[in-house]
Chemist: 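Have a look at this one.
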Amino acid sequence: MAGVVVIFDFDNTIIDCDSDKLVVDGLGATDLFNELLPTMPWNSLMDRMMKELHSQGKTIEDIVEVLKTTPIHPRIVAAIKTAHALGYELGRLRIQPFCDFTVCPHGCSFCPPNMCKSVITEGIRASIEGRKRMIYLGDGVGDYCPSLNLREGDFVMPRKNFPVFDKICQNPLALKAEIHEWTDGEEFEHILLKLINRITIEETTAAQFITTDFKLETLSVSGHEVFHKALPVLQQWI
């Protein structure tokens with residue numbers, strides 16, 4: 001579906017845990033992690049933890065084995081695969097600091113120092129030709145900022161009883177996008193595919209309501225009317 005982009009948060013949205021903490025705990029580095037946590041930003045902390053795990057002889061294969069234990073609801077996997085099979089574009093997963101806050105802070109009070117998700121989502125929208133409707137799914141406080149910046153016709157799916165849902169509930173009218181909360185993987189799948197189906201129907205219906213406006217122009221040769229010529233077709237999208 002060319003007119004829609006689905007953007008997922010990852011930790012506690014697609015998966016039911018924090019993937020960074022899962023690896024740290026699974027490889028026995030919890031104590032050092034807890035010791036360093038108050039002293040540095042998250043990305044710097046995780047970089048330090050990866051360095052420590054490497055010094056202990058931990059390998060990529062060890063990390064992969066821990067990640068295989070990641071808790072994820074099977075209906076979330078099914079929903080993502082269905083969306084992909086229908087031709088929907090899914091946001092790419094990137095794990096890296098988006099902003100170098102030591103050089104050029106993004107200035108957003110809602111977001112963590114390493115990234116502003118509104119900047120990221122608008123960049124995705126701008127990079128794709130044509131008008132795009134968005135479905136944004138998230139759970140954390142950092143997902144509130146992009147939710148605020150969604151447009152009319154977009155949808156936000158906050159995870160119920162998580163920080164982003166609580167923030168939205170404080171003033172739901174601050175959002176232009178429609179709000180559809182979800183609790184678990186089954187609701188995730190049901191609501192996401194319901195919205196996809198709704199958008200598909202709306203866009204198909206809109207395409208069928210192209211109005212064609214013909215205006216006739218009288219042509220004459222040597223003062224005699226000869227025929228009427230249709231001017232170029234004007235297309236209006238309803």
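Values below: all heavy atoms of this structure, side chains included; hydrogens, waters and symmetry mates excluded.
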Chemist: Please give me the minimum heavy-atom distance between V164 and G138, naming the atom from each residue.
Modeler: CG1-O, 3.5 Å

Chemist: Mind checking the CZ-CG spacing from F33 to D20? Nearest 0.5 Å is all I need.
Modeler: 7.5 Å

Chemist: Is the W182 to F155 ring centre distance short of 6.0 Å?
Modeler: no

Chemist: How many angstroms lie between atom CG of L137 and atom CG of L195, to the nearest 0.5 angstrom?
Modeler: 8.5 Å

Chemist: Donor-acceptor pair, D143 side chain versus P146 backbone, under 3.5 Å?
Modeler: no

Chemist: We want to know whether N197 and T200 form a side-chain donor-acceptor pair, criterion being a heavy-atom distance below 3.5 angstrom.
Modeler: no

Chemist: At what distance, to the nearest 0.5 angstrom, does CG of D18 lie from CG of D11?
Modeler: 4.5 Å

Chemist: Any side-chain heavy atom of M46 within less than 4.5 Å of one from K51?
Modeler: no

Chemist: Given R159, which partner from the list D139, D16, D166 fulfils the salt bridge (Lys or Arg N to Asp or Glu O under 4.0 Å) test?
Modeler: D16

Chemist: Given D184 and R75, is the salt bridge (charged side-chain N to carboxylate O under 4.0 Å, His left out) satisfied, shown in steps?
Modeler: CA-CA 9 Å; D184 56 25; R75 301 319 307 166; over 6 Å; no

Chemist: E187 side chain to T183 main-chain N or O, any donor-acceptor pair under 3.5 Å?
Modeler: yes

Chemist: Surrounding CG of L37 (heavy atoms of other residues, nucleotides or ligands, distance under 6.0 Å), is the total greater than 12?
Modeler: yes

Chemist: State, to 0.1 Å, how close A83 and L193 come at their nearest heavy-atom pair, and which atoms those are.
Modeler: N-CD2, 4.5 Å

Chemist: L148, Y136: one ILVMFWY side-chain cluster at the under-4.5 Å cut-off?
Modeler: yes

Chemist: Got E189 and I76 here, is their nearest side-chain heavy-atom distance under 4.5 Å?
Modeler: no

Chemist: Side-chain donor-acceptor pairs under 3.5 Å in residues 64-71, sequence neighbours left out?
Modeler:
residue	atom	partner	partner atom	Å
E65	OE2	K68	NZ	3.0
T69	OG1	V66	O	2.5
T70	OG1	L67	O	2.6

Chemist: Rounded to the nearest 0.5 Å, what separation is found between the CD1 atom of I120 and the CZ atom of R125?
Modeler: 14.5 Å

Chemist: Treating Ile, Leu, Val, Met, Phe, Trp and Tyr as nodes and any side-chain heavy-atom pair under 4.5 angstrom as an edge, say whether F165 and F8 lie in one connected cluster.
Modeler: no

Chemist: Return yes if a side-chain donor-acceptor contact under 3.5 Å exists between H180 and E178, otherwise no.
Modeler: yes

Chemist: Do you know the tightest heavy-atom contact between C108 and C145?
Modeler: SG-SG, 3.5 Å

Chemist: Check each of M49, K58, M50 against V23 using the side chain to side chain contact (heavy atoms under 4.5 Å, CB included) test, and report the only one that passes.
Modeler: M50

Chemist: Report whether V6 and I191 are members of the same hydrophobic cluster (ILVMFWY, side-chain heavy atoms less than 4.5 Å apart, transitive linking).
Modeler: yes

Chemist: If Ile, Leu, Val, Met, Phe, Trp and Tyr residues are connected whenever their side-chain heavy atoms lie under 4.5 Å apart, and connections chain through other members, are I7 and L175 in the same group?
Modeler: yes

Chemist: Evaluate the side-chain contact (heavy atoms from CB on, under 4.5 Å) criterion for residues K176 and D154: first the C-alpha distance (whole Å), next the side-chain angles of each, then the deciding distance (0.1 Å), finally the verdict.
Modeler: CA-CA 8 Å; K176 296 178 182 178; D154 292 338; over 6 Å; no

Chemist: Do the side chain of S44 and the main chain of M40 share a donor and acceptor less than 3.5 angstrom apart?
Modeler: no

Chemist: Using a 3.5 Å distance criterion without hydrogens, assess whether the side chain of S118 forms a donor-acceptor pair with backbone atoms of N149.
Modeler: no

Chemist: Applying salt bridge (charged side-chain N to carboxylate O under 4.0 Å, His left out), run through R151 and E122 and close with a yes or a no.
Modeler: CA-CA 11 Å; R151 307 172 185 178; E122 287 306 308; 3.1 Å; yes

Chemist: Under a 4.5 Å cut-off applied to non-hydrogen side-chain atoms, are M134 and L150 in contact?
Modeler: yes

Chemist: D62 and G57: which non-hydrogen atoms are nearest, and at how many Å?
Modeler: OD2-O, 4.1 Å

Chemist: Could you please spell out the steps behind the side-chain contact (heavy atoms from CB on, under 4.5 Å) verdict for M157 and L192?
Modeler: CA-CA 8 Å; M157 289 179 56; L192 176 61; 4.2 Å; yes

Chemist: Is there a continuous path of hydrophobic side-chain contacts, each under 4.5 Å between heavy atoms, that joins I15 to V24?
Modeler: no

Chemist: When you compare the side chain of K117 with that of D9, does any pair of heavy atoms fall below 4.5 Å?
Modeler: yes

Chemist: What's the spacing between M115 CE and C111 SG if we round to 0.5 Å?
Modeler: 7.5 Å

Chemist: Let me confirm one number: the CD-SG distance from E181 to C169, rounded to the nearest 0.5 Å.
Modeler: 7.0 Å

